[in-house]
2 protein chains.
Amino acid sequence: MQNSFTEENYLKIIHALSGRDGLEVSTNALAESTSTRAASVTDMLRKLADKGLIHYKKYQGVTLTESGERVAIKVIRKHRLWEVFLVEKLGFGWDEVHDIAEELEHIPSEVLVEKLDAFLGHPKFDPHGDPIPDAKGNLTEPDYLILTDVQVSEKVLMMGVLDHAPSFLQHLDRSGITLGAVIEVKEINEYDKSASVQINGGPTLFISLEVSKNLLVQRR
Amino acid sequence: MQNSFTEENYLKIIHALSGRDGLEVSTNALAESTSTRAASVTDMLRKLADKGLIHYKKYQGVTLTESGERVAIKVIRKHRLWEVFLVEKLGFGWDEVHDIAEELEHIPSEVLVEKLDAFLGHPKFDPHGDPIPDAKGNLTEPDYLILTDVQVSEKVLMMGVLDHAPSFLQHLDRSGITLGAVIEVKEINEYDKSASVQINGGPTLFISLEVSKNLLVQRR
DNA sequence: ATATATTTTTAGGCTAGTCTAAATTTTTTA
DNA sequence: TAAAAAATTTAGACTAGCCTAAAAATATAT
């Protein structure tokens, strides 16, 4: 039983919205994320429930079943592997690959995914620092900090982003904030929580709270 | 104006069936090739004609317009480039790549195709010896011979296949007949036109007319 | 040259996925 | 806790792409 492009997208989005503790996802949230109307979402939810991919009770929101979770994670695996391919092999910027990977992630063929994975050297993270589920479907989200949780004078490693918007990623590019960069928090402005940070022991720059909130980092 | 997966497939098939002199393609031939019914084909032809992609007069068969030809050639370019990728980079056999490329060929993004092309080193032929149209849409079919046109004692180079069926390609693999192999025709059996050929100056083997008819070769 | 066979088109219908408008349920608030 | 607001579902409809059955056009054969 094959799942359609659209079904796979709903499952992927439910996975993303329900977070790591598998919270219920609302119809409206799905309508927002899928750029459709709530009524359309309801139709699809009935269908996914009939296929045993989600737990759905009218008006109660949805969660993935085991089987729905498996499908979602496979899609995520494919998406992230293709992103690695696009950046590492084809030379795309990390701000350019999302939409293309969004298409490639629905290409069926287990063997294609596994050969791609091997070709890429079994990467553990995609170009945005998101972890790539393994072939068995194990996905462990590393527990990174958000830069806002870092104290003044701490040095941390830049490990990923929460916001994947091209404009945000381009902003980071212009600031020299790349994956693996060492970020030292020099100062935090009490008034607006903007920060002054030093990148790789080099230039110091100011970043707004909005930026800090979207940077995932790790203590060294 | 984007063309759908299905529309692209129709255009690609019309291109293939109309051959290099752009002959009219019949509704029934399309039904056969698309694995649909003639009535469905008629629907789609009306649609493609409305979009200016084909010349269509009821009961008269169809040909591609300039614009339809451009779309078809882009799809063919993508198909063949992805086949090169699958064989050269991911290690698939030439008998395994058709169905996957059939999906990948519909991924939109001009820049993806061009980056893929560069990554592959601007290949001129796909793993079956079919020529890859260039970025401008120039597709020149080399005028290869069919092995049946080769005389006894002639030596030719194996350049491609007409039949792309996995079973045929696997048969060639087992016989050691690969692209670039030197084939010397040692003898032709008058009765059934089967031939005895020597591969790369090594083993001699018998091949049936059915096989000869599907081998594209070139005089050296 | 006409009857028969073949091909193609039309007519009407189906499913997936979407929509709007209206009805219903749940949540919030006074 | 009842009324208002918000969220969700139902009802009915649309498009793309497909189907079957019947009608119409073209091709073939006597």
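If you're wondering where the values come from, they're calculated on a predicted model, not measured in any experiment.
- Here the side chain of B:Ala39 is nearest to one of C:dT18, C:dT10, D:dT8, namely C:dT10.
- A donor-acceptor contact shorter than 3.5 Å links the side chain of A:Lys78 to the backbone of A:Ile107.
- In this structure, B:Arg37 reaches the D:dT20 phosphate: one of its side-chain N or O atoms is under 4.0 Å from OP1 or OP2.
- Put simply, CD on B:Gln2 is 15 Å from P on D:dA16, counting in whole angstrom units.
- Enclosure of atom CD in A:Glu141 by more than 12 non-hydrogen atoms of other residues, nucleotides or ligands within 6.0 angstrom is indicated.
- Nucleic acid contact class of A:Thr42 (heavy atoms, under 4.0 Å, all strands): base.
- Taking for each of A:Ala38 and A:Tyr59 the nucleotide of DNA chain C with the nearest heavy atom, the 5'-most of the two is the partner of A:Ala38.
- Going from atom CE of A:Met44 over to atom P of D:dT10 covers 16 Å, rounded to whole Å.
- Atom CZ of B:Arg46 and atom P of C:dA11 are 10 Å apart (whole Å).
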**OP:** Check the pair A:His164, A:Asp130 against side-chain hydrogen bond (donor to acceptor under 3.5 Å, both in side chains), reporting the backbone distance first and the verdict last.
**Re:** CA-CA 10 Å; A:His164 290 197; A:Asp130 296 313; 3.1 Å; yes
**OP:** Could you go through the side chain to side chain contact (heavy atoms under 4.5 Å, CB included) check for B:Leu48 and B:Met44 one step at a time?
**Re:** CA-CA 6 Å; B:Leu48 293 173; B:Met44 182 57 75; 4.0 Å; yes
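- Residue A:Phe5 is classed as having no contact, given no heavy-atom separation below 4.0 Å to the nucleic acid.
- In this structure, A:Asp43 atom CG and D:dT8 atom C1' are separated by 12 Å, rounded to whole Å.
- Listed by chain and residue number, B:Glu154 satisfy the salt bridge (Lys or Arg N to Asp or Glu O under 4.0 Å) test with B:Arg219 (two or more places apart in sequence, or in another chain).
- Comparing C:dT9, D:dC18, C:dC19 by their nearest atom to the side chain of B:Lys58 picks out C:dT9.
- Comment: B:Lys74 does not engage B:Glu8 in a salt bridge, judged by the lack of any side-chain N to carboxylate O separation of less than 4.0 angstrom.
- C:dA5 atom C1' lies 13 Å from atom CG of B:Asn28, rounded to whole Å.
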**OP:** Might you work through the side-chain hydrogen bond (donor to acceptor under 3.5 Å, both in side chains) test for A:Asp192 and A:Ser194, ending with a clear yes or no?
**Re:** CA-CA 5 Å; A:Asp192 63 359; A:Ser194 67; 2.8 Å; yes
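- Of all nucleotides listed (C:dT26, C:dT8, D:dA21), C:dT26 comes nearest to the side chain of A:Gln60.
- For the pair B:Glu24 CD and C:dT8 C1', the interatomic distance rounds to 15 Å; values are reported in whole Å.
- One finds no side-chain N or O of B:Ser4 lying less than 4.0 angstrom from the OP1 or OP2 phosphate oxygen of D:dA16.
- Following rounding to the nearest Å, B:Leu30 (CG) and C:dT9 (C1') show an atom-to-atom distance of 15 Å.
- Residue B:Ser40 is classed as a base contact, given a heavy-atom separation below 4.0 Å to a base.
- For DNA chain C, the neighbouring residues in residues 7-16 of chain A, judged by any heavy atom under 4.0 Å, are A:Tyr10.
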